[in-house]
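Only one structure is covered here, and it is reproduced in the block below.
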Amino acid sequence: MNAPLTQQSVLHSTTDLKEFAARLQLEAEGEVLFDRGSRGRYATDASIYQIEPLGVLIPKSIDDVRAALSLCRQFNIPLLARGAGTSQCGQTVGAALVIDNSKYLNAISDLDLDAMTVAVEPGTVLDHLNAWLKPHGVWFPVDVSTAAQCTLGGMAGNNSCGSRSIAYGNMVHNVHSIDALLSDGTEAVFCDERHMQSQGPRITQILKGLHTIAEREQEQLQLQVPSVMRRVGGYNLDIFHPQSERPYSADGSVNLAHLLVGSEGTLAYSKKITLKLAPLPANKTLGVVNFPSFYQAMDLTRHIVKLTPCAVELVDRTMIDLARSNPAFRPVIDKAIIGEPEAILLVEFAGESKAEQLGKLAELVELMGDLGLPGSVVEMSDAAAQKSLWEVRKAGLNIMMSMRGDGKPVSFIEDCAVPLEHLAEYTSKLTEVFQKHGTRGTWYAHASVGTLHVRPILDMRAGGAEKMRAIAQEAAELVRQYKGAFSGEHGDGLVRSEWVSWQFGPRLTKAFEDIKDLFDPDGLMNPGKIVRCSKMDDKSLFRFAPGYKTIAFMPALDWSAWNVSNDPATDTTTAPGTGGDPTHGFSKAVEMCNNNGHCRKFDAGTMCPSYRITRDEQHLTRGRANTLRLALSGQLGPDAFTSDEMRETMDLCVSCKGCKRDCPTGVDMAKMKVEFLYQWQRKHGLKFKDRLIATLPHWAPWAARIPFLFNLRDTIPGVAALTERYLGFSAKRALPKWRSDTFLKHADTTDAETADVVLFADTFNNYFESENARAAYKVLQAAGYQVHIAKPLANDATPKRPLCCGRTFLAAGMVDEAKKEARRVVEALQPFVSRGIPVVGLEPSCLLSLRDEFLVMDLGDDAQRLASNAFLFEEFLAREEVTARLKPKLGPLPEKRALLHGHCHQKAFDAVRPIQQVLALIPELKTELIESSCCGMAGSFGYDASHYDASMKMAELSLLPAIRKAEPGTLLIADGTSCRHQIADGLAHDTVNNRALHVACVLERALIS
Ligand SMILES: Cc1cc2nc3c(=O)[nH]c(=O)nc-3n(C[C@H](O)[C@H](O)[C@H](O)COP(=O)(O)OP(=O)(O)OC[C@H]3O[C@@H](n4cnc5c(N)ncnc54)[C@H](O)[C@@H]3O)c2cc1C
Ligand code: SF4
Ligand code: SF4
């Protein structure tokens, strides 16, 4: 037997590794990734650590895992199973072969509604499972916050817990059995012990060994294991002598699957997990209790839980203020609060009977009165209002995570659990600990089970490690004093494994080592976690390890807003540009990614289309941010930032800005791509095709004079194929048609002096789809406006060339040219903006640049003023006073139904709702919003031959299927020019309507003449 591996003892020669990788490539069907970039992308999770794996396998089947494990044994290489990698404690980082289950191992099977069980492969995502189960009226109720991305394998690995754990228990209470693969190749079903007797000598030996250890340590288990339900540290040896307030199984039987749950992949690999299901609650009712002090909220929770709610969640003052400062959330939170509470508790009752829940709600009101807080409960029985409030709670946490500067909320005592009677004292003493160490924390989460999430703000590059240990030690003292659990939700990993011996004492720690050796004598399974671990403050394992520094360069865009320092004690941030970043804020913006994995979600929202079609970590916002960070800090070798590998990683990013909106920390990869492309093209130059597209606004006036010539590519057979071959334009697509009747050529315009609105006609709506601009002009006039059409200043260098937002230049990384275009626009519109005259545009990606990229191009205060005064056509019309003028002018259309696809940038700027609002002005028209991500065309992305397949896959995710399902005679509405083209191309061979209209054209048709 080899000496058990620890995290530090894994050293392999390059030759061994090469041979290992080659054998793996031969024997596994899945993807074998040993390149530096891939290893870098799997070196982190949502913890503070970073350890480069030896390689990565993305198995296509369990046979691949078997083959990998067999090779791992031969080469003495550890194996680390991974789901979404959202662990907060470093469970999924290690010098091992990482097995990423999330791409292919996601089959759901064996649904048994009588037994209320279902089986899943380990890579199945919780939200996918619940969506699959919904039609059957059941769900898997361990509702963790990362439900949209976390996998069942990872949830079992960590013994995850949801916000409704008081009603449903933790993962361990909801796992029926696990089909597991041991490091020596043994396979067995770990389940109720009574059914495990006939699984061969190896399993018999393990069972016998476990019983011996459990009997030996019975007294220690009674002495050392906290009785709180939220305890996920160490191994669940107490399945043999249960200690928790909630039993592992209803009938007191021993289930060996429960020992594997929470073992963080250190004992066995889970091939298949059979889960227990619960009926979907038919109704939910919410009571929001308002507290004058945080202490009272904590102190009175113990009384509230006696009413058997299924969740009691805390929102503190900081979160309330954050939510109220956001115009979208303010009305929602305002409905939940009474006066100026210091904290609120969201108390949810759920189940079949609404009447019963309303009864409970009444009891809550009465209880709060008895406890001295009469009139403190806001009663919410309406499902939509409840949903909105839960959304606000989620978003509040996101805002906290988006803190700029090197001080970040760090997760290491985030989930200590204490009995409810001590909750108030524990939280106030911990607050004192934070103050003593010059920091503060923001509180949120699961009051019902005594697990309050708190992250002190620490700078892990400067003094953070020392403070982390000091705070952890003092928090631990408090946890001991109150007989709580140090690890109450997130597991042990690298940050808390050393606390296992503190929590359970030396005898149980030794017992855990014995368990590890029984299952995994060679220490191949995720070594260094739970037992035989490193120190939490081993800085060599930090993501920002000592000596971390980035290369220096001057970015093209202004990133100074990220280049700041923050002081958690005073809650202050220094002025933009003062953070000392050698890349002037770009690196710090990249480092905002904390690896929480939310970009892997598949639910509503845009982020991240390239991941949705590939399921590759490389083509994910997180993968891109990690690759950028590693490249900028020299960890991928010299010149990695402008390398081919980096370009490949950015290639499928369609710049949809989905991440700008949906990423909890505000990682804006579209903007980062512009910066990257700028640096890239400075070093490598631009391809002719990219330059041709970028400079389109410059040569468009010529094309409009002789359109037939420029349209030859799509009229003479064979020319399209030649343009694919020599330029890279996909021959499968027609290019937009040039025409001579451009909008600006024939447009009427009101004099600048008398105008009360300015219409900005972008390149696309001027040259290719001039009917949209004409329609917009007509609708604005019908609403009673004097419309001036934006044009360059008389002293402009090219006064005859129309204004342009510079988007095509940005898309190619030609930032200097984009700045020139932007400056023309700012200067031309300044006289109107200074008089408060609104500027209205039609193409979302163009108009919204005025509110986004223009602000980071050093264009001064005029750009800022323009941004506040620039509106999309529908945003302008949705304003109350405009709506009132327009509504009487609109009559019914022949079509009674419409399907609406929002442009990604509209979604990113919350500008889809205004389209729905203005369409609602058309009598009898019913509009349905397509839940779509990016259409896949994304400017010129989809025209590129090398992107054609990716582009169509994006369109086929939901957009095109939704249109195919539409009833005949349904209007299609899409404001983006590329979206309209994608719909036309994607449905060209279907018999359905493939002609989508800009909302301006729809409104024009509805005008009563
Ligand atoms: C913002 C945020 C919020 C969170 N909220 C919650 C919450 O509400 N409740 C909660 O409990 N946790 C929470 N977490 C932690 C984490 O998301 C959960 O623990 C989640 O269930 C982990 O799933 P995953 O797929 O990411 O697993 P990973 O992190 O990939 O893996 C988790 C563990 O399981 C092991 N593992 C994975 N697959 C297998 C397999 N096939 N066989 C054996 N072992 C395996 C891994 O080795 C690792 O030790 C949160 C994390 C973040 C970043
Ligand atoms: S990019 Fe954003 S959503 Fe994705 S992992 Fe990073 S922080 Fe999370
Ligand atoms: S901009 Fe869009 S495609 Fe690019 S990383 Fe963000 S979400 Fe993904």
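Atoms within each ligand, like the ligands themselves, are counted from 1 in listed order. All figures in this text were calculated on a predicted structure; none of them were measured in a lab.
Between Gly85 and ligand 1, an N or O atom pair is found at a separation short of 3.5 Å. An N or O contact shorter than 3.5 Å is missing between Thr92 and ligand 1 by distance. Any N or O atom pair closer than 3.5 Å counts here, and Ala84 shares at least one such pair with ligand 1. Considering backbone and side-chain atoms together, Gly162 places no N or O closer than 3.5 Å to any N or O of ligand 1. An N or O contact shorter than 3.5 Å links Thr151 to ligand 1 by distance. When only interatomic distances are considered, the shortest N/O to N/O separation between Asn596 and ligand 1 does not fall below 3.5 Å. Polar contact with ligand 1: absent for Val144 (N/O pair, distance under 3.5 Å).
Aromatic ring pairs are classed by plane angle as parallel below 30°, tilted from 30° to 60° and perpendicular above 60°; the pair Trp680 and Phe676 is tilted.
Contact check for Arg41 versus Thr649: side-chain heavy atoms found under the 4.5 Å cut-off.
Shown here are the protein N/O/S atoms lying under 2.8 Å from atom 2 (Fe) of ligand 3, water excluded: Cys656 SG.
For ligand 3, the atoms lying closer than 4.0 Å to a non-hydrogen atom of Arg624 are 4 (Fe), 5 (S), 8 (Fe). When each atom of ligand 1 is checked for a heavy atom of Ala46 under 4.0 Å away, the hits are 53 (C). Taking every heavy atom of Ser160 and a limit of under 4.0 angstrom, the matching atoms of ligand 1 come to 11 (O), 18 (C), 19 (O), 20 (C), 21 (O). The atoms of ligand 1 that sit less than 4.0 Å from any heavy atom of Ser87 are 28 (P), 29 (O), 31 (O), 32 (C). Residue Pro122 has at least one heavy-atom neighbour below 4.0 Å for each of these atoms of ligand 1: 41 (N). Taking every heavy atom of Arg82 and a limit of under 4.0 angstrom, the matching atoms of ligand 1 come to 30 (O). Taking every heavy atom of Ala268 and a limit of under 4.0 angstrom, the matching atoms of ligand 1 come to 43 (C).
Closest heavy-atom approach to atom 12 (N) of ligand 1 within the set Met525, Glu264, Gln88, His490: this belongs to His490.
Using a 4.0 Å cut-off between heavy atoms, Asn594 contacts ligand 2 through both its backbone and its side chain. For Ser145, heavy-atom contacts with ligand 1 shorter than 4.0 Å involve the backbone as well as the side chain. In Asn101, the part holding a heavy atom less than 4.0 Å from any atom of ligand 1 is the side chain. Of the heavy atoms in Ala156, none comes closer than 4.0 Å to ligand 1. At a heavy-atom cutoff of 4.0 Å, ligand 1 is contacted by no atom of Gln149, backbone or side chain. At a heavy-atom distance under 4.0 Å, only side-chain atoms of Thr665, from C-beta outward, approach ligand 2. Of all the heavy atoms of His598, none lies under 4.0 Å from any atom of ligand 1, so neither backbone nor side chain is involved.
In this structure, Arg164 is not positioned above the aromatic face of Trp139 in the sense of NZ or CZ being under 6.0 Å from the six-membered ring centre and within 45° of the axis. The cationic atom of Arg615 (NZ for Lys, CZ for Arg) lies less than 6.0 Å from the six-membered ring centre of Phe602 and within 45° of the ring axis.
Within the 2.8 Å limit, Cys593 places at least one N, O or S atom next to atom 6 (Fe) of ligand 2.
The closest approach between any non-hydrogen atom of Gly597 and ligand 2 is below 4.0 Å.
Using modelled atom types and a 3.5 Å distance limit, the side chains of Tyr49 and Arg543 yield no donor-acceptor pair.
With respect to the salt-bridge test (charged N to carboxylate O, under 4.0 angstrom), the residues Glu121 and Lys271 do not qualify. Classification of Arg66 and Glu187 as a salt-bridged pair holds, one side-chain N sitting under 4.0 Å from a carboxylate O.
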Next on the checklist: salt bridge (Lys or Arg N to Asp or Glu O under 4.0 Å), that's the test. Do Glu52 and Arg39 meet it? Break it down for me.
Outcome noted: CA-CA 6 Å; Glu52 199 171 82; Arg39 283 187 286 127; 2.7 Å; yes

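Ring to ring, His947 and Phe941 are close: their centroids are under 6.0 angstrom apart.
Under a cut-off of 6.0 angstrom, the local environment of NE2 in His176 is sparse, with at most 12 non-hydrogen atoms contributed by other residues, nucleotides or ligands.
Atom 8 (Fe) of ligand 2 has as its closest protein heavy atom Asn596 OD1, 2.6 Å.
For Glu348 (side chain) and Cys310 (main-chain N/O), no donor-acceptor pair under 3.5 Å exists by modelled atom type.
Between Ser87 and the options Asp492, Thr146, Asn595, Asn158, a side-chain hydrogen bond (donor to acceptor under 3.5 Å, both in side chains) holds for only Asn158.
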